[in-house]
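Below you'll find the structure, written out as structure tokens, and then a few comments.
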Amino acid sequence: MQKKPKPEKKEALPHIPLKTRRQLHKKILTWYARNARDLPWRKTKDPYAILVSEFMLQQTQVERVKPYYLAWLSQWPTITCLSRERPANVLRAWSGLGYNARALRLLQTAKRIVQEHNNKIPHNKEDLQRLPGIGAYTASAILAFAYNKPEPVIDTNIRRVLIHECSLPHTISAQDLATVAKQLIPKGRSRDWHNALMDYGATVLTSKTTNIPPTTKQPSFEGSTRQARGAIIRHLLSKGAVKLSREGFETTSKELAKQLQIAPERVAAALESLHNDGIIVFRKNQITLPD
DNA sequence: ATCCGGCGCT
DNA sequence: AGCGCCGGAT
């Protein structure tokens, strides 16, 4: 009948013994020493370069990001340089990566860092998460990969590896998993550790080799708004602008639809959503990419 | 035809 | 809490 100093209601949090942690470190880091992928953003510790890579990697496979990442850094080697660029050119460099709104968020974040943080990418999660396009995941990734901070980075690959290797319940909450993940980071090796976990998850413990919960289904691309959005952006990148008909928005949609070979109502919907995302602007006489 | 995934908005 | 956003691989 000892009285506990702290009555913990839910102490189901798995604690990983030191020995188990060390075994896992050895297993993963030894594997990584022989099998690490050679990725361009791993050759640098420049926080800006890491920031760029993280924005791109949010949504795209590693192999497709590689050439975009290299071209981007060669076009805008510093955050100051990027911060002065026009949105249309940023969208052009992004074109083909997908999720165009994020190219603009990256530009906005660059401007904010130059204006408010003296050109320095923040070192703490709170400041990072206040920047557009940076959520919990990307903030953690920047802290770990740019600054080697002991901040748990948990994408779906790493989540799968941790659940598998530590025999955690598939239903574990994000918060509990983060608590476990933090204990597991080897001292002073956050960067290597997370790179290793990602590679291990991407090449060994793939979703196929493990039994992981069902995935959500993607609506078909054919006939979707995003298909129309993509066509409109490419059109604007090549033509510069679309003339706004005096007869109104509907007529404009119709004319554009004819050129793009897409149903007018879908073009109209796409224009509205692009406008909503700030990717296009309506001027007096024309539709253009933003300044 | 289906899969991949972090962020922001509602 | 759930949805929409991207384009290329398979």
Side-chain angles (χ1 to χ4, degrees), chain A residues 41 50-69 90-109 112 125-145 151-161 163 171 173-175 177-178 181 194 197-199 201-203 205-237 260 262 266-280 289:
Chain A
W41 44 90
I50 304 292
L51 175 79
V52 171
S53 76
E54 287 304 331
F55 264 78
M56 291 180 171
L57 288 164
Q58 277 170 11
Q59 65 227 22
T60 312
Q61 298 97 312
V62 160
E63 285 307 315
R64 196 140 42 98
V65 164
K66 280 182 185 172
Y68 283 85
Y69 168 85
V90 166
L91 285 168
R92 191 180 309 280
W94 195 269
S95 181
L97 270 181
Y99 296 104
N100 298 289
R102 298 184 182 207
L104 298 183
R105 291 185 191 133
L106 176 52
L107 175 60
Q108 283 308 310
T109 280
R112 288 263 301 270
K125 210 170 170 184
E126 298 70 34
D127 285 347
L128 283 168
Q129 282 201 242
R130 287 191 193 102
L131 297 166
I134 299 185
Y137 171 81
T138 303
S140 301
I142 290 168
L143 293 176
F145 295 129
E151 181 70 32
V153 181
I154 306 175
D155 68 352
T156 53
N157 275 322
I158 293 184
R159 177 187 167 90
R160 198 169 56 243
V161 171
I163 287 175
T171 53
S173 72
Q175 191 167 17
L177 186 59
H194 289 106
L197 286 176
M198 283 187 171
D199 284 8
T203 62
L205 288 184
T206 64
S207 51
K208 298 208 168 173
T209 64
T210 60
N211 262 347
I212 239 64
T215 57
T216 61
K217 267 196 179 170
Q218 180 179 39
S220 75
F221 178 68
E222 201 54 40
S224 65
T225 302
R226 65 187 175 93
Q227 182 186 36
R229 284 171 57 116
I232 291 167
I233 304 237
R234 283 189 295 277
H235 184 81
L236 283 173
L237 283 172
L260 300 177
I262 294 175
R266 288 180 47 219
V267 170
L271 285 172
E272 288 189 46
S273 77
L274 284 168
H275 181 249
N276 195 256
D277 287 348
I279 298 174
I280 62 173
L289 297 169

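In what follows, chains are A, B, ... by sequence order, proteins preceding strands, each numbered from 1.
The nearest pair of heavy atoms linking A/L104 to A/G278 is CD1-O, 3.4 Å. Closest approach of A/G201 and A/R160 over heavy atoms only: O-NH2, 2.9 Å.
Nucleic acid contact class of A/E222 (heavy atoms, under 4.0 Å, all strands): none. Here A/I279 lies in heavy-atom contact (under 4.0 Å) with sugar-phosphate atoms only. A/T60 comes within 4.0 angstrom of nothing in the nucleic acid, heavy atoms only.
Running 5' to 3' along DNA chain C, contacts with non-hydrogen atoms of chain A at under 4.0 Å begin and end at C/dC5 to C/dG8.
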Distances for protein N/O vs nucleotides 8-10 of chain B N/O pairs under 3.5 angstrom?
from	atom 1	to	atom 2	distance (Å)
B/dG8	OP1	A/G133	N	2.2
B/dG8	OP1	A/I134	N	3.3

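Applying the ring pair (Phe, Tyr, Trp, His ring centres under 6.0 Å) test to A/H275 and every residue at least two apart in sequence or in another chain returns A/F282. Scanning for ring pair (Phe, Tyr, Trp, His ring centres under 6.0 Å) contacts around A/Y69 gives A/W41, with sequence neighbours left out.
Looking at A/R105 and A/Q108, their side chains never bring a donor and an acceptor atom within 3.5 Å of each other. Side chains of A/S95 and A/R234: no donor on one and acceptor on the other come within 3.5 Å.
Near DNA chain C, defined here as any heavy-atom distance below 4.0 Å, the residues from residues 91-98 of chain A are A/G96, A/G98, listed numerically.
The line from CG of A/L177 to CD1 of A/I154 is 4.0 Å long, rounded to the nearest 0.5 Å. Interatomic distance, CZ of A/F145 versus CE of A/M198, reported as 4.0 Å (0.5 Å rounding).
A donor-acceptor contact shorter than 3.5 Å is absent between the side chain of A/R229 and the backbone of A/L271. A donor-acceptor pair under 3.5 Å is formed between the side chain of A/D155 and the backbone N or O of A/N157.
With DNA chain B read from its 5' end, the first of the two nearest nucleotides for A/T138 and A/F221 is the one closest to A/F221.
The interatomic distance linking A/I158 (CD1) with B/dG5 (C1') rounds to 14 Å, in whole Å.
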Just list the side-chain donor-acceptor pairs under 3.5 Å for residues 128-142 of chain A, sequence neighbours left out, or say none.
from	atom 1	to	atom 2	distance (Å)
A/R130	NH1	A/D127	OD1	2.5
A/T138	OG1	A/Q58	NE2	2.8
A/S140	OG	A/K125	NZ	3.3
A/S140	OG	A/A136	O	3.0

